[in-house]
2 protein chains.
Amino acid sequence: MRYLLVEDNRELADAILGRLALDGHAVDHAASLSEAEEWLATAGYDLILLDVMLPDGDGRDFLARSRAHLETPVIMLTARSQVSDRVGALDMGADDYITKPFDFSELEARCRAVLRRRGGAARNQVALGQALFDPLAGTLSHAGRTVELRNRELRLLEVFARHPGQILSKTQLMDRLFAQDADVTENAIEVYVGRLRRRIDGMGVRIETVRGLGYRMETGGP
Amino acid sequence: MRYLLVEDNRELADAILGRLALDGHAVDHAASLSEAEEWLATAGYDLILLDVMLPDGDGRDFLARSRAHLETPVIMLTARSQVSDRVGALDMGADDYITKPFDFSELEARCRAVLRRRGGAARNQVALGQALFDPLAGTLSHAGRTVELRNRELRLLEVFARHPGQILSKTQLMDRLFAQDADVTENAIEVYVGRLRRRIDGMGVRIETVRGLGYRMETGGP
DNA sequence: ACGTCCGTGTCAGGACCATGTCAGCTTCCT
DNA sequence: AGGAAGCTGACATGGTCCTGACACGGACGT
């Protein structure tokens, strides 16, 4: 899953980033509302964790403005358990809220709960060439055949699907698949590309090697 | 990628220059704000690394003045982790900041992140005559035909695309293609120009030889 | 608590290919 | 004609990439 964390306290942000990365999620970090908007403009997220107090505005106002054209679920991080904060959060369109300080396991539980609630309703499938990619189900279908992808393969294909035809370096892919501080060899990417290739073989989607630069997904040919 | 490093400590500057050159980036160095302005007037950059304390002024003031007509992303290099420095940086229009002393790999990660954030959204295909050059995909298309370029050819064409119609000496091209300390003959450039020519033959773009001076890309003719 | 299974990341060995050099050739200028 | 500059086919080389095998650890069921 791909999260966006909007939180200006770097210490707390790092802690959350680390913890969520342990669960295998890709988490981007914005320290302000303007930064959050940049992230949102460039990528789709499954969940947004939004602080209330931010250097350039109030998270609730931001949410109210964005709700019209933003369907991603949002969990608010309220500084204190002030009633005003909590009441406002849900009214503004947040899916849940959690008060600081909070236990990480509780945060994870809230995330799962919100994702379950949202994910059950709308499931969007993406066309990849003639194949049909369902990120939520973790499947790829083509010509009546359906393959199931595992966690890492799924995330890898998600990244490729978001940048079709574009060369993605192994470093870029690592940034998406692993946590910043994760100590992983680039070889891991080679291995996962290999596994993904074997799995999607003959499904109208292929991943080409561009020697020295990275990989590129092609959706055209046979 | 083309970076501008604004840093007055020569020792640190050299270290950064060396490291970034290893990644294949072209990095120019300015030791003061006035020098930085000269560089900015002559060339376009993909990213600027800007120190806070400079002999002729404060990097933040410089950034605040320039932000209106400067859309290049900026990473601030703050001397210490002083809160005043850090808070100011983002408000002044920096895209990110990093505190000295920092690890080179972290600097690289920040650079990647900022570039991804900025450039990730709009896929910029460049028109080269009647051909369409897609640096991210590493392809050149013309009249329904598409050729794939490899690493060195791609970088070479990138350099030419950035200076269309301009004569580029073999030395200039070598500086862009190879690391500073790389021990490469000028003949390598001749070889790569030849390979690139063969690949883009008939695509409305050609590279002319200017005897004794270098090469020049022309986009006009057949 | 224990055992099993599955997903994950590393490693080593090998195949493959982009790369840079060279030598001989062509082209251009004087 | 002669020399200098540039072009190109061929080649050795080193790096990049692929893959089977394996160790590890968490998830899960019993």
Side-chain angles (χ1 to χ4, degrees), chain A residues 1 19-26 105 108-109 112 138-139 147-160 167-201 206-217, chain B residues 22-24 138-139 147-158 167-201 206-217:
Chain A
M1 286 295 158
R19 177 59 178 246
L20 291 176
L22 280 181
D23 294 341
H25 303 296
S105 59
E108 287 171 353
R112 279 197 302 272
T139 60
V147 293
E148 295 189 0
L149 303 172
R150 332 195 246 216
N151 187 11
R152 284 274 129 94
E153 299 164 0
L154 174 62
R155 304 251 303 281
L156 188 58
L157 188 56
E158 274 183 339
V159 178
F160 278 118
I167 297 177
L168 299 171
S169 73
K170 275 185 272 209
T171 313
Q172 282 177 308
L173 295 172
M174 280 179 61
D175 287 348
R176 296 309 173 105
L177 283 193
F178 305 104
Q180 300 276 22
D181 55 354
D183 189 19
V184 189
T185 320
E186 288 199 341
N187 178 279
I189 297 297
E190 299 169 10
V191 171
Y192 280 114
V193 168
R195 287 172 182 161
L196 181 57
R197 272 176 179 157
R198 203 175 306 173
R199 220 169 266 265
I200 67 176
D201 185 47
R206 67 186 188 288
I207 298 171
E208 295 178 349
T209 303
V210 186
R211 240 168 200 272
L213 292 178
Y215 298 94
R216 173 179 47 200
M217 186 186 69
Chain B
L22 279 181
D23 293 349
T139 60
V147 293
E148 298 178 1
L149 305 172
R150 32 191 186 186
N151 192 0
R152 286 271 129 93
E153 300 162 0
L154 180 58
R155 305 254 299 280
L156 189 58
L157 187 55
E158 273 182 340
I167 297 179
L168 299 170
S169 73
K170 275 184 264 205
T171 312
Q172 283 177 307
L173 295 173
M174 280 179 61
D175 288 346
R176 294 284 185 268
L177 283 193
F178 305 104
Q180 298 268 6
D181 53 355
D183 189 18
V184 189
T185 320
E186 288 202 340
N187 177 274
I189 296 297
E190 299 169 8
V191 172
Y192 280 114
V193 168
R195 286 173 181 159
L196 181 56
R197 274 174 176 159
R198 200 175 310 172
R199 217 170 268 265
I200 67 176
D201 186 46
R206 66 186 188 289
I207 298 171
E208 294 179 347
T209 303
V210 185
R211 230 183 145 74
L213 292 179
Y215 298 94
R216 174 179 48 197
M217 185 186 69

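Letters A, B, ... mirror the listed sequences (proteins, then strands); counts begin at 1. Since the model is a prediction, treat every value here as computed from it, not as a measurement.
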In terms of heavy-atom contacts, B:T171 and B:E186 come closest through OG1-OE2, 3.3 Å
Let me know the distance between CG of B:L196 and C1' of D:dT8, rounded to the nearest Å.
15 Å
Is it true that A:K170 and A:E190 make a salt bridge, defined as a side-chain N closer than 4.0 Å to a carboxylate O?
yes
To the nearest angstrom, how far is B:R199 atom CZ from C:dT19 atom P?
9 Å
Hey, are B:E153 and B:R150 close enough for a salt bridge, meaning a charged N less than 4.0 Å from a carboxylate O?
yes
Specify the separation, in whole Å, of atom CG of A:L177 and atom P of C:dT10.
12 Å
To the nearest angstrom, the OH-P distance between B:Y215 and D:dG6 comes to 6 Å
Tell me whether the side-chain N/O atoms of A:K170 come closer than 4.0 Å to OP1 or OP2 in D:dT16.
no
So, B:R197 side chain and B:I207 main chain: donor-acceptor pair closer than 3.5 Å or not?
yes
side-chain N/O A:R198 vs D:dC18 OP1/OP2, d < 4.0 Å
no
Decide whether A:R216 and B:T139 meet the rule of one side-chain donor and one side-chain acceptor closer than 3.5 Å.
no
With a 4.0 Å cut-off on N to O distance, would you call B:R199 and B:E148 a salt bridge?
no
At less than 4.0 Å, is any side-chain N or O atom of A:T209 found next to OP1 or OP2 of D:dC18? Yes or no.
yes
Rounded distance in Å - CZ (B:R150) to C1' (C:dC16):
13 Å
Starting at atom CG of B:L154, determine the distance to atom P of C:dT19, rounded to an integer number of angstrom.
10 Å
Nucleotides 20-30 of chain C: protein proximity per nucleotide (B base, S sugar-phosphate only, - neither; heavy atom, under 4.0 Å)
BBBB---BB--
Rounding to a whole Å, what distance do you find between A:E208:CD and D:dC18:P?
12 Å
CE of A:M174 versus P of C:dG9: gap in Å, rounded?
10 Å
Would you call the rings of A:Y215 and A:F160 parallel, tilted or perpendicular, taking 30° and 60° as the class edges?
perpendicular
